[in-house]
Amino acid sequence: MNNKKYKTLKQGIQSIMITVLCFISCSEQEYLHPDPTTYIPQEQTFDTPERVLALVNGLYRGMKDQQFYGGRYYIYCEVRGEEYINRTANLFTAFDSWNHTLNAGSNEVQNLWAAAYRTINLCNVFLQGLVDNADKVDPEAATAYAAEAKFVRAVSYFALVTLYARPYIENNGNAPGLPLRLLAETSSANNSLARSTVAEVYAQILKDLDEAETGLPLSYDTPMLNTTRAHRNTAIAFKTRVYLTMGNYSMVIQEAQKIVSANAPYRAETGVAHALQDDATIPFLSNNYTTTESIFSMPMTDLDSTTGQSSIGYNLNTSPGNSEYNLNPLGIIADTEWRENDQRRLFITGGATKYLKKYSKPSPFLDYIPVIRYAEVLLNYAEAAAHVEDLDKARDLLTYVRNRADASYQFPTSAINNVDALIQTILHERRIEFLGEGLRSNDLLRTLQTIPAKGTAPAVSPTEEAYIFPLPNSELLTNKDL
């Protein structure tokens, strides 16, 4: 991991300091060098329910790092696709990702890897702490907290495996994947670890999500907590994304049916009552980020350290952002079947040059960032149903999502009358519905499509090295078994 050498040096320095301080009198230590009033010794971190909950919140905080789900991960996944034109060639705002010129030393490659594995290790350390302090934590609470940690770890590994490893469907997961770190690491002793296969990484992701589903509560006391902490339906929803990425369509359907009613209006009938909002703009432009449509989101607050260049709004919006990227005039916004009266057209701003304004708050850019919405569950289900030739169900789910935003729209018969056409129409709808939400890169890669050219950036075929992120130098230099 990136900071292991630093940790080892720091631990050595701390040992020296402790040795020196042993020669200082107790009274001098007490009065001249008191411990900070907020300092909590490691052995006491599980002593009270409040401290344990603070550790749980720290796991989500790790996810919300500006290099990860707090901003840059979404930017990379968005601009790799065909929907944006870069305006600045700024290396600090993902130009290399947009231009497919990443290398092992690129900041994007190294910083995302470090942030994701840092979050994973937070989960591992916390899970080990629950085991070591089983006598201090209420068993029911410990089960729920462990489930949250496993959910965060699974989501983190999914982000890594879909960017840094070959797509699952290419070889049924037999390609090299990632170092699968599941132990709590507090030194560099176990830094060397070979890569597990893609299939093994996905197996661990699903194991974590299955155990999370079992251990998580059905709901919390407030809409805010239901949106910002994992509950049972959060784990189920994310499993539909994972199984779809694997091409396991029967399991997508099985999971989706747990939280999608048999008939419209589609909704979750147990746990948090997830459903689409009547107005497609509400989850973004209404300042109400905690509706039942928003299954799981990153809540951005004044306490977060996301800088302008790391925020989605700064990169993709013209005001209050910096106009780093405008929408590609030849991209999805050029689709004439995406009609002007569709509510989702309200996410587009500008004159001759168009920008995305899903994230419209000014600096410090405190729009919540959606990790997964109910609309995705419905379209995941629709795509899986089309693959297993349940065309009626696929059409119903697809139409339900479209008609929420454009009530009178009818898909052309040629777009939905056979399996192949229907799948392509669903993928097309995803480009509209999830514009700006970080799903496009994975949709291209999981279906082994060529990443289209845009502006001066070339197309990238599945056979090219640039199709996925390279492994970072920071890991190559410190993990001799990689």
Side-chain angles (χ1 to χ4, degrees), residues 81-83 162 166-173 198-199 202 206 236-266 276 331-332 334-339 342 344 372-406 409-435 437 439-452 459 461-463 467:
E82 69 271 49
E83 308 298 1
T162 51
R166 299 297 302 179
Y168 186 95
I169 67 167
E170 183 177 61
N171 193 21
N172 202 31
V198 169
Y202 273 92
L206 289 168
I236 294 170
F238 206 84
K239 279 195 283 183
T240 70
R241 181 186 292 182
V242 175
Y243 279 122
L244 188 69
T245 302
M246 298 171 68
N248 190 336
Y249 305 116
S250 63
M251 286 304 299
V252 176
I253 294 169
Q254 180 176 310
E255 295 296 335
Q257 286 176 341
K258 296 177 183 178
I259 56 174
V260 178
S261 57
N263 301 295
Y266 294 112
L276 296 186
I332 194 62
D335 177 20
T336 57
E337 288 295 311
W338 183 11
R339 302 191 303 187
D342 190 307
R344 296 169 298 185
I372 189 165
R373 291 191 291 119
Y374 196 61
E376 184 188 342
V377 175
L378 297 181
L379 289 180
N380 291 348
Y381 188 177
E383 188 177 336
H387 275 283
V388 301
E389 302 187 20
D390 186 354
L391 301 191
D392 287 340
K393 176 59 72 175
R395 282 190 286 258
D396 286 347
L397 291 160
L398 169 65
T399 302
Y400 188 76
V401 173
R402 172 61 71 105
N403 287 164
R404 182 268 289 264
D406 186 351
Y409 182 81
Q410 294 182 344
F411 286 99
T413 301
S414 61
I416 57 174
N417 66 348
N418 63 71
V419 170
D420 291 340
L422 185 52
I423 291 171
Q424 290 307 310
T425 301
I426 293 168
L427 290 170
H428 198 76
E429 188 71 17
R430 291 174 68 91
R431 290 175 64 189
I432 298 172
E433 181 66 30
F434 305 124
L435 184 63
E437 297 180 52
L439 297 185
R440 184 58 181 157
S441 176
N442 189 46
D443 279 353
L444 288 166
L445 270 61
R446 69 177 174 83
T447 54
L448 284 179
Q449 295 182 62
T450 293
I451 301 173
S461 73
T463 60
Y467 198 60

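In this structure, the separation between CG on Leu379 and CG on Asp443 is 9.5 Å, given to the nearest 0.5 Å. Residue Thr450 holds its OG1 atom at 9.5 Å from CG of Leu448, rounded to the nearest 0.5 Å. With rounding to the nearest 0.5 Å, the separation of CG in Leu427 from CD in Glu383 is 4.5 Å. Separating the OH atom in Tyr467 from the CD1 atom in Ile451 is a distance of 6.0 Å, to the nearest 0.5 Å. Atom OH in Tyr409 sits 9.5 Å away from atom CG in Asp342 (nearest 0.5 Å). Interatomic distance, Thr162 OG1 to Asn442 CG, rounded to the nearest 0.5 Å: 5.0 Å.
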(request) Could you go through the side chain to side chain contact (heavy atoms under 4.5 Å, CB included) check for Arg241 and Asn380 one step at a time? (result) CA-CA 7 Å; Arg241 181 186 292 182; Asn380 291 348; 4.2 Å; yes
(request) Decide yes or no on side chain to side chain contact (heavy atoms under 4.5 Å, CB included) for Arg402 and Ile432, but give the supporting numbers first. (result) CA-CA 10 Å; Arg402 172 61 71 105; Ile432 298 172; 3.5 Å; yes
(request) Could you please spell out the steps behind the side chain to side chain contact (heavy atoms under 4.5 Å, CB included) verdict for Val260 and Tyr374? (result) CA-CA 9 Å; Val260 178; Tyr374 196 61; 3.6 Å; yes
(request) Could you please spell out the steps behind the side chain to side chain contact (heavy atoms under 4.5 Å, CB included) verdict for Arg431 and Glu82? (result) CA-CA 10 Å; Arg431 290 175 64 189; Glu82 69 271 49; 3.4 Å; yes
(request) Just do the salt bridge (Lys or Arg N to Asp or Glu O under 4.0 Å) check on Arg404 and Glu433 with the steps written out, would you? (result) CA-CA 11 Å; Arg404 182 268 289 264; Glu433 181 66 30; 3.3 Å; yes
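A salt bridge links Arg344 to Glu429: at least one charged side-chain nitrogen sits closer than 4.0 Å to a carboxylate oxygen. In this structure, Glu255 pairs ionically with Lys258, as a charged nitrogen and a carboxylate oxygen lie closer than 4.0 Å.
Minimum heavy-atom separation, Ile426 to Ala386: CD1-CB, 4.2 Å. Between Arg166 and Val198, the shortest heavy-atom distance links the atoms O-CG2, 3.7 Å. Heavy-atom minimum distance, Asn418 versus Ala421: OD1-N, 2.9 Å. Closest non-hydrogen pair, Asp406 versus Asn403, comes out as O-ND2, 3.1 Å. The two residues Ala394 and Ala382 make their nearest non-hydrogen contact at CB-O, 3.3 Å.
Looking only at atom types and distance, the side chain of Ser250 has a donor-acceptor partner in the side chain of Asn248 under 3.5 Å away.
Under the 4.5 Å side-chain criterion, counting only non-hydrogen atoms from C-beta, Lys393 is not in contact with Ile253. For the pair Tyr202 and Thr245, the minimum side-chain heavy-atom distance is below 4.5 Å. A 4.5 Å side-chain heavy-atom check between Thr399 and Ile416 finds every atom pair outside the cut-off. Looking only at side-chain heavy atoms (C-beta outward), Val377 and Tyr266 stay at 4.5 Å or farther from each other. Side-chain atoms of Glu437 and Glu376, non-hydrogen and from C-beta on, never get closer than 4.5 Å to each other.
Counted within 6.0 Å of CD on Gln410, heavy atoms from surrounding residues, nucleotides or ligands total 12 or fewer; the atom is thus considered open.
A distance-only check finds a donor-acceptor pair linking the side chain of Glu83 to the backbone of Ile332 [under 3.5 Å]. Side-chain atoms of Thr447 come within 3.5 Å of backbone N or O of Leu444 as a donor-acceptor pair. Between the Thr240 side chain and the Ala256 main chain, no donor and acceptor come within less than 3.5 Å of each other.
Using bins of under 30°, 30° to 60° and over 60° for the plane-to-plane angle, the ring pair Tyr249/His387 lands in the parallel bin.
Residues that satisfy the salt bridge (Lys or Arg N to Asp or Glu O under 4.0 Å) test with Asp392, not counting sequence neighbours, are Arg395.
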